[in-house]
Number of protein chains: 2
Amino acid sequence: MSDLGTLPEGKTDSVQQIIDAAAQCFMAKGPEKATIDDVASLLGSTKGRVYHHFRSKNAILIEVHNQAMQSLSNTINPLIARDIPADQKLLEMAVAHANVIMDTFPFQRSVRLSVDIYLLGSSTTEEREIMGKLIDARNQYENLFRDVIRTGIEEGTLNVPDVAMATRALLGALNGLGDWYRIRPDQSQEEREAIAQNLADTVIHGIKA
Amino acid sequence: MSDLGTLPEGKTDSVQQIIDAAAQCFMAKGPEKATIDDVASLLGSTKGRVYHHFRSKNAILIEVHNQAMQSLSNTINPLIARDIPADQKLLEMAVAHANVIMDTFPFQRSVRLSVDIYLLGSSTTEEREIMGKLIDARNQYENLFRDVIRTGIEEGTLNVPDVAMATRALLGALNGLGDWYRIRPDQSQEEREAIAQNLADTVIHGIKA
DNA sequence: AAGTTAACATACTCTGGAGAATGTTTCCCG
DNA sequence: CGGGAAACATTCTCCAGAGTATGTTAACTT
């Protein structure tokens, strides 16, 4: 995220730094064990800076969620519009999805480590509402895949016993990346591409000979 | 777990109650937000009872991990021995795996919510070692699937570009259950069976027509 | 029936970490 | 060049929640 020329949503440079650092910490320790001091000291500064820009720890986590979701949507949406066979489109979407997960790994993993739970407990009502929107967004996102699968079945290019289940299976396999993938700075873009391709291929073509 | 006639590992009834309750709480709030008092009050008792049987919160979480792992192994191991084609065996293993996840849901979800992270931070050295064994056990378990896939490729009944990736894809799709599945007490065994079957089928046969 | 111990409940301590209050510096704008 | 006001740093408060220390009860043993 930090290597983007343009900052999302008019966020100043310093704020985005905080968000990036937070994502790193959330990834490393999990959102609850990660401390605001952790985030600050990773930035070489102190709490003061963080709390000057965010009302609470949850507020940061929400922003991390938000940007994680944005990254996925921004990548997938352009692919949806294209007018190609559904099986081909689904494959491209799957590959793209996997690539985004690896590219924005700290964000995606932070989300994965906090899904639902973290924010339901404490957090203000407003935060709860925002969280609701994020969950909606995630569902919408999943629906993009679901719709393509449905289209593919109508076209005859795809075939599954249950559309909803197939969507879950596909995204489950891809999101599993968040569990076992580990960032290696030396890793080339080609290697990542290969991972994404293999993963997507396997789910779409199956394991059977 | 609690409906088993025989208790695992000679654990007394009261202790197993604590473990079950803890799994429930860990599932609901996540292992860090879940409080020992939560566990106790779910049991209608107090901290005293819990700390009489466990040295720490981590100790309980480890035990939950342990039993989650045991449930899976106990179910899969018998299937490994059978002398049938690998594609068929893999399907059965996948279905069984999915069923165990649903049957022991609080345990599996607790594990999923704490993988790696929770115990790396604090926890004593001894606990860290035990955790290491559990991670080994999980890897061993994954290897069971990997081996069957490899066998299937030799046999010619299975075919994937990358065995390791296929294993990840399969288990990722199945473990995704831990994210989206929700317990419904009224749900029949047949419904669960259908979910397990559909999920396993989709990954093994693929989405493509 | 007195002593011992397991199985808890009650009451306490103590610390990490969130968030607030307050100080300090830098920058910007008239 | 003076006077805000961001953008932080420093310092302080405060409490939830883990773990402990100490009662209390019941059951078991000899």
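Below, read A as the first sequence line, B as the second, and so on, with proteins coming before strands; counting in each chain starts at 1. Just so it is clear, the structure is predicted and the values come from calculations on it, not from any experiment.
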> Between the side chains of B/Arg168 and A/Tyr181, does any donor sit under 3.5 Å from an acceptor?
Replying inline: no

> Would B/Ser56 and B/Glu127 count as having a side-chain donor-acceptor pair, cut-off 3.5 Å?
Replying inline: yes

> Which sits closer to the 5' end of DNA chain D, A/His52 or A/Lys47, going by the nucleotide each is nearest to?
Replying inline: A/His52

Atom [atom1] of [X] and atom [atom2] of [N]: how far apart are they, to the nearest Å?
X	N	atom1	atom2	answer
B/Ile36	D/dA16	CD1	P	17 Å
B/Tyr51	C/dC12	OH	P	18 Å
A/Glu32	D/dA16	CD	P	17 Å
B/Lys33	C/dA18	NZ	P	11 Å
A/Asp37	C/dA18	CG	P	7 Å
B/Arg55	D/dA21	CZ	P	15 Å
B/Asp38	D/dA16	CG	C1'	12 Å
A/Phe54	C/dA20	CZ	P	15 Å

> Of the nucleotides C/dG19, C/dC8, D/dA18, which one has an atom closest to the side chain of B/Arg49?
Replying inline: C/dC8

> So which nucleotide from D/dT10, C/dT10, C/dG19 ends up closest to the side chain of B/Thr46?
Replying inline: C/dT10

> Does A/His53 put a side-chain nitrogen or oxygen below 4.0 Å from OP1 or OP2 of D/dA6?
Replying inline: no

> OP1 or OP2 of D/dA7 less than 4.0 angstrom from a side-chain nitrogen or oxygen of A/Ser14, does that happen here?
Replying inline: no

> Does any non-hydrogen side-chain atom of B/Met165 lie less than 4.5 Å from one of A/Ile195?
Replying inline: yes

> Can we say A/Arg112 and B/Asp179 salt-bridge, meaning some charged N sits less than 4.0 Å from an Asp/Glu carboxylate O?
Replying inline: yes

>> Between B/Val50 and A/Ala34, which residue's closest nucleotide on DNA chain C lies nearer the 5′ terminus?
In response: B/Val50

What nucleic acid atoms does [X] come within less than 4.0 Å of, heavy atoms only: base, sugar-phosphate, or nothing?
X	answer
A/Thr35	sugar-phosphate
A/Ala40	nothing
B/Ala59	nothing

>> Run B/Met69 and B/Val64 through side chain to side chain contact (heavy atoms under 4.5 Å, CB included) and show every step you take.
In response: CA-CA 9 Å; B/Met69 201 56 237; B/Val64 170; over 6 Å; no

